[in-house]
Amino acid sequence: MIDPELNLHPDDEHNRELAANVHPADWRNPTPEGRYNLVVLGAGTAGLVAAAGAAGLGARVALVERHLMGGDCLNVGCVPSKAIIGSAHAAHAVRSAGAFGVDVTGTTSIDFAAVMQRMRGLRAGISPHDSARRFAEAYGIDVYFGDARFTGADTVEVEGVPLRFVKAVIATGARAATPPIPGLHEAGFLTNHNVFNLTEQPRRLAVIGGGPIGCELAQAFVRLGTEVTIIETADRFLQREDRNAAEILRSSMERDGVVVRLSTALERVQEKGVDKVLSLRTPSGEETIPVDQILVAVGRTPNIEGLELEKAGVAFDRRGVTIDDFLRTTNRRIYASGDVCLPFKFTHTADATSRAVIQNALFPGPKKRLSKFVIPWCTYTDPEIAHVGLYPQQAESQGMAVESWEVAMSDVDRAITDGETEGFLKVHCRRGSDTILGATLVGGHAGDMISEITAAMVAGMGLGSFSSVIHPYPTRAEIIRKAADAYNRTKLTPTAASLFKKWFRFKRRP
Ligand SMILES: Cc1cc2nc3c(=O)[nH]c(=O)nc-3n(C[C@H](O)[C@H](O)[C@H](O)COP(=O)(O)OP(=O)(O)OC[C@H]3O[C@@H](n4cnc5c(N)ncnc54)[C@H](O)[C@@H]3O)c2cc1C
């Protein structure tokens, strides 16, 4: 039987396999011997990467996890959400098959329990990577289960056992923020912490929050057959993103059948029989809607409570642990990595910052700076919305003049043949040059394609150089070469154009 404390439901073979890997029932914490080179608090992506990297280089490492190894990404984040999105994508493909000349009328139905079972199976299948035994046996790391808290500037305690360290990394992540809305707690609600435990499909679901997590899950649930209303206080989704990208997403979600309520605030929740009744303040007045389940996705709160950071002299605020450009906290022995300290709360940033922490904390010599990172991200809706680097307004606020190059997805042959012409690429360059400052890519597989631009930015390759990068035809990534061609066309000055004309006239002479 799975320990109820682990919050893994249902108690089936997949969740039992997951629990056996990420929090084994028979685990015995080791007995520490002397000081550790590195004590890592939290075994999500940031903690696992820091611990494995340091141990791989020969350091003595302790890794402390209070709940599930793998953290949010494996257990209640990226992996289960993308598995469900995979099923939703399949459902959508079947529904859209008619447009491709494929007749599937009358043959489709969605088995929600099977969708969730598939997700649990995939999650369990991935979990050996993050397993306690692997980290203990393959890396020689001392893995402790329990709450970690600081008892001094160089000591952490877990289950009453002191762990002394030369260096430590706080990698305790973040959790769903829950707004103080009257009646919400009494009525009960879902967050990413428990939504993946569902085995029965909610008939009517309200999603509170139009950020990446809210949008991804709203679209997935509607495609799986739930009636979804999404409520967002701002006048658009994904406030960090390009306005046109957010607008494309809004219309895509509406076409899927999501009821979109922008500029709308949830004011109160009341239980009426089996219904949870939401009172909304909309631009056109008060409105109430009854639903079966509420999913709250209004942001993330860093996990700093109970760490007793004051005892270690580590400063923090409501955004998390305070760090400098080298990921160091106000205690020079202690670093932080991942969601607990970053505004960019992604698995790949948790990974990247932990790699930097290994270098900065454990070795002398050159240090890695957070401000030098080129950070991409993607919201896995349909279409996907990917971005890297700066937006024009950010670049301008840093004193850089910006010029942008835009190509529509409808100009890309592969997007046309795939019937997915919605979207665009915008590449933002420093005015008067092809130095890429940032880019937004909207369309199918945008999350994969953005890496080509990220690689160029890291390597210092300008947009114009993409004109000579041969892309296989037909692929959607040709959109990047097209943006380069658009840039290079502007390099053809009137003088150069007239010289070319003269040259060709000369070559045509009899
Ligand atoms: C629904 C959802 C979908 C997402 N999808 C994506 C995606 O597609 N791509 C992407 O890049 N990112 C995605 N993310 C974000 C990603 O999951 C996080 O950025 C990533 O997990 C951060 O890793 P972390 O190690 O910093 O924190 P976490 O994964 O939160 O790990 C922190 C660990 O510390 C433990 N801990 C906390 N306090 C203590 C303590 N006192 N003692 C011991 N242990 C402690 C926690 O139990 C946890 O296991 C998603 C998030 C959610 C919620």
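If you read the sequence from its start, that first residue is 1, and numbering goes on from there. Both ligands and their constituent atoms are indexed starting at 1 by order of listing.
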For ligand 1, which atoms, with element, lie under 4.0 Å from some heavy atom of [X]?
X      : result
Val64  : 43 (C), 44 (N)
Leu68  : 49 (O)
Ala171 : 32 (C), 33 (C), 34 (O)
His348 : 11 (O)
His67  : 47 (O)
Ala148 : 40 (C), 41 (N), 42 (N), 43 (C)
Ala174 : 30 (O)
Gly338 : 26 (O)

Any Gly146 heavy atom less than 4.0 Å from ligand 1:
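Yes; Gly146 lies near enough to ligand 1 that a heavy-atom distance drops under 4.0 Å.
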Touching ligand 1 at all, Met69? Heavy atoms, strictly under 4.0 Å?
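Contact check Met69 vs ligand 1: negative.
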Hey, do the aromatic rings of His348 and Phe344 have their centres closer than 6.0 Å?
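Ring centres of Phe344 and His348 not closer than 6.0 Å.
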Are Asn21 and Arg134 linked by a side-chain donor-acceptor pair shorter than 3.5 Å?
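No donor-acceptor contact under 3.5 Å links the two side chains.
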I'd like the name of whichever of Gly77, Cys78, Gly71 reaches closest to atom 14 (N) of ligand 1 through any heavy atom.
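Comparing heavy atoms across Gly77, Cys78, Gly71, the nearest one to atom 14 (N) of ligand 1 lies in Cys78.
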Do any N/O atoms on Asn303 end up under 3.5 angstrom from N/O atoms on ligand 1?
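No - when backbone and side-chain N and O of Asn303 are compared with those of ligand 1, no distance drops under 3.5 Å.
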Give me the residue, atom name and distance of the protein heavy atom closest to atom 23 (O) of ligand 1.
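For atom 23 (O) of ligand 1, the nearest protein heavy atom comes out as Ala350 CB, 3.8 Å.
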